[in-house]
S.K.: 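Here it is, the structure, as structure tokens.
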Amino acid sequence: TLILESLGIDVEVAEDTYLDQMLERFGGGFPATSVFSAYAREKVPEADPRESPDDALVAWMEREVILFRTLEKHLVADRLVQGFDGDVDGFLRFSLSVQNRRKSRAGQALEHHLGYIFDVFGVQCSRHPVTESGARPDFLFPGEREYHNPVTPNSLLTMLGAKSTCKDRWRQVLSEAERIWPKHLLT
């Protein structure tokens with residue numbers, strides 16, 4: 001589903017068996033992205049990041065997309081049933097908010113799952129540290145403190161940009177963490 005959606009092909013997949021559980025667990029709304037990512041990992045117990053981090057990451061992302069779309073379909077349907085009473089601007093705002101939520105949550109989910117893998121392996125890093133000009137790379141290794149310490153050799157620093165879709169966003173990575181070259185991007 002992730003590959004097809006990145007090509008602009010809508011895939012309708014649902015996991016209705018978890019809908020009641022999600023509604024009860026999350027109080028009938030969208031939980032924080034970190035909470036939802038942990039829930040998605042919980043629903044794929046066979047994914048072992050120690051055995052295969054790549055396979056676990058893909059399995060978690062795919063499950064999270066399915067679970068999120070299931071919950072979203074239910075919650076959005078309530079608003080659609082209410083209708084927009086001819087309010088085109090209201091409908092467009094609502095539609096845009098649904099699209100933006102999807103994109104934002106997908107990117108954050110990728111970061112949460114990567115962070116979890118780094119934790120499993122004991123990899124020290126900072127998430128969204130501040131570097132030059134207020135830039136915030138997704139991950140900085142070994143951390144923000146080391147990055148800002150001029151005694152730390154640049155060769156011991158690594159940064160990783162995590163983007164659920166690349167498109168033109170790869171350019172962001174180039175301006176983050178000026179001390180570090182080469183830069184790394186996961187998509």
Side-chain angles (χ1 to χ4, degrees), residues 1-9 30-44 46-69 96-187:
T1 59
L2 293 174
I3 294 170
L4 292 174
E5 286 185 353
S6 71
L7 296 172
I9 300 169
F30 292 111
T33 57
S34 59
V35 171
F36 202 78
S37 292
Y39 177 76
R41 286 192 299 273
E42 177 186 307
K43 298 303 170 194
V44 192
E46 66 277 10
D48 183 355
R50 289 196 177 278
E51 187 177 306
S52 178
D54 293 340
D55 291 341
L57 181 61
V58 170
W60 294 333
M61 288 297 295
E62 286 180 348
R63 180 57 55 95
E64 184 156 352
V65 167
I66 292 168
L67 292 170
F68 177 77
R69 292 288 175 89
L96 188 58
S97 74
V98 170
Q99 292 172 6
N100 287 341
R101 183 186 308 115
R102 282 184 177 186
K103 292 174 188 174
S104 173
R105 289 185 80 97
Q108 291 178 44
L110 179 61
E111 292 176 24
H112 293 310
H113 296 310
L114 281 172
Y116 181 80
I117 290 171
F118 297 147
D119 288 345
V120 164
F121 283 97
V123 175
Q124 181 182 337
C125 65
S126 295
R127 264 184 81 182
H128 300 281
V130 177
T131 61
E132 300 80 15
S133 304
R136 291 184 167 273
D138 295 321
F139 294 94
L140 192 57
F141 305 88
E144 184 174 12
R145 183 182 47 199
E146 292 81 4
Y147 184 83
H148 290 292
N149 183 346
V151 176
T152 304
N154 293 357
S155 61
L156 296 181
L157 302 170
T158 303
M159 63 93 50
L160 174 65
K163 308 296 178 207
S164 58
T165 60
C166 227
K167 297 183 184 177
D168 291 328
R169 297 189 64 219
W170 63 270
R171 289 186 180 105
Q172 284 178 296
V173 175
L174 297 178
S175 64
E176 300 169 337
E178 292 175 10
R179 288 185 62 187
I180 299 173
W181 195 262
K183 298 175 187 294
H184 297 85
L185 173 65
L186 182 137
T187 187

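All values reported here derive from a predicted model rather than from experimental measurement.
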S.K.: Would Val123 and Phe139 satisfy side-chain contact (heavy atoms from CB on, under 4.5 Å), going step by step from the backbone distance to the final call?
M.R.: CA-CA 11 Å; Val123 175; Phe139 294 94; over 6 Å; no
S.K.: Identify the heavy atoms of Thr152 and Leu156 that sit nearest to each other, and give their distance.
M.R.: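 Reported closest heavy-atom pair: CG2-CB, 4.4 Å.
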S.K.: Quick one: closest heavy-atom pair of Met159 and Val173, and the distance?
M.R.: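 Shortest heavy-atom contact: SD-CG1, 3.8 Å.
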S.K.: To the nearest 0.5 Å, what is the distance between CD on Glu178 and CD on Glu132?
M.R.: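 Answer rounded to 0.5 Å: 4.0 Å.
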S.K.: Find the distance between OG (Ser126) and CG (Asp138) and round it off to the nearest 0.5 Å.
M.R.: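 One finds 12.5 Å between OG of Ser126 and CG of Asp138.
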S.K.: With a 3.5 Å distance limit and no angle check, can you tell me whether Lys183 reaches the backbone of Ala177 through a side-chain donor-acceptor pair?
M.R.: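 Answer holds: yes.
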S.K.: As a test of understanding, state which of Thr131, Leu140, Asn154 forms a side-chain contact (heavy atoms from CB on, under 4.5 Å) with Arg179.
M.R.: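 Looking at Thr131, Leu140, Asn154, the match for Arg179 under the side-chain contact (heavy atoms from CB on, under 4.5 Å) is Asn154.
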S.K.: Please name the residue in the list Glu64, His112, Glu111, Arg101 that meets the side-chain hydrogen bond (donor to acceptor under 3.5 Å, both in side chains) test with Thr33.
M.R.: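 Of the listed options, the one satisfying the test is His112.
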S.K.: What I'd like to find out is whether the side chain of Phe30 reaches to under 4.5 Å of the side chain of Val35, using heavy atoms alone.
M.R.: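 Phe30 does not reach Val35 side chain to side chain.
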S.K.: Quick one: CH2 on Trp60 to CG on Leu67, what's the gap to the nearest 0.5 Å?
M.R.: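 Reported to 0.5 Å precision, the distance equals 14.5 Å.
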S.K.: Distance to the ring centre below 6.0 angstrom and angle to the axis at most 45 degrees; does that hold for Arg105 and Phe36?
M.R.: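 Yes, a cation-pi geometry holds between Arg105 and Phe36.
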S.K.: Between Pro142 and Leu157, is any pair of side-chain heavy atoms under 4.5 Å apart?
M.R.: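 Yes - at least one pair of side-chain heavy atoms lies under 4.5 Å apart.
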S.K.: With a sphere of 6.0 Å drawn around CD of Glu46, does it hold more than 12 non-hydrogen atoms of other residues, nucleotides or ligands?
M.R.: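 Enclosed.
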S.K.: Identify the two heavy atoms, one from Leu186 and one from Leu57, that lie closest to each other, and give their separation to 0.1 Å.
M.R.: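 So the minimum-distance heavy-atom pair works out to CD2-CD2, 4.4 Å.
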S.K.: For residues 140-163, which residue pairs qualify under ring-ring contact (aromatic ring centres under 6.0 Å, His included), counting only residues two or more places apart or in two chains?
M.R.: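 Sorted result for residues 140-163: Phe118-Phe141.
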S.K.: Does any part of the side chain of Thr187, heavy atoms only, come nearer than 4.5 Å to the side chain of Leu110, both counted from C-beta?
M.R.: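 Heavy-atom side-chain distance check fails, nothing below 4.5 Å.
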S.K.: Return the OG to NE2 distance between Ser34 and His113, rounded to the nearest 0.5 Å.
M.R.: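 That separation rounds to 11.0 Å.
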S.K.: So, for Glu176 and Pro137, which heavy atoms are closest and what is the spacing to 0.1 Å?
M.R.: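 Looking at all heavy atoms of both residues, the shortest contact is OE1-CA, 3.4 Å.
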S.K.: Just jot down the side chain to side chain contact (heavy atoms under 4.5 Å, CB included) partners of Ala59, sequence neighbours excluded, or say none.
M.R.: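 Once residues adjacent in sequence are excluded, the partners of Ala59 under the side chain to side chain contact (heavy atoms under 4.5 Å, CB included) criterion are Val44, Ala47.
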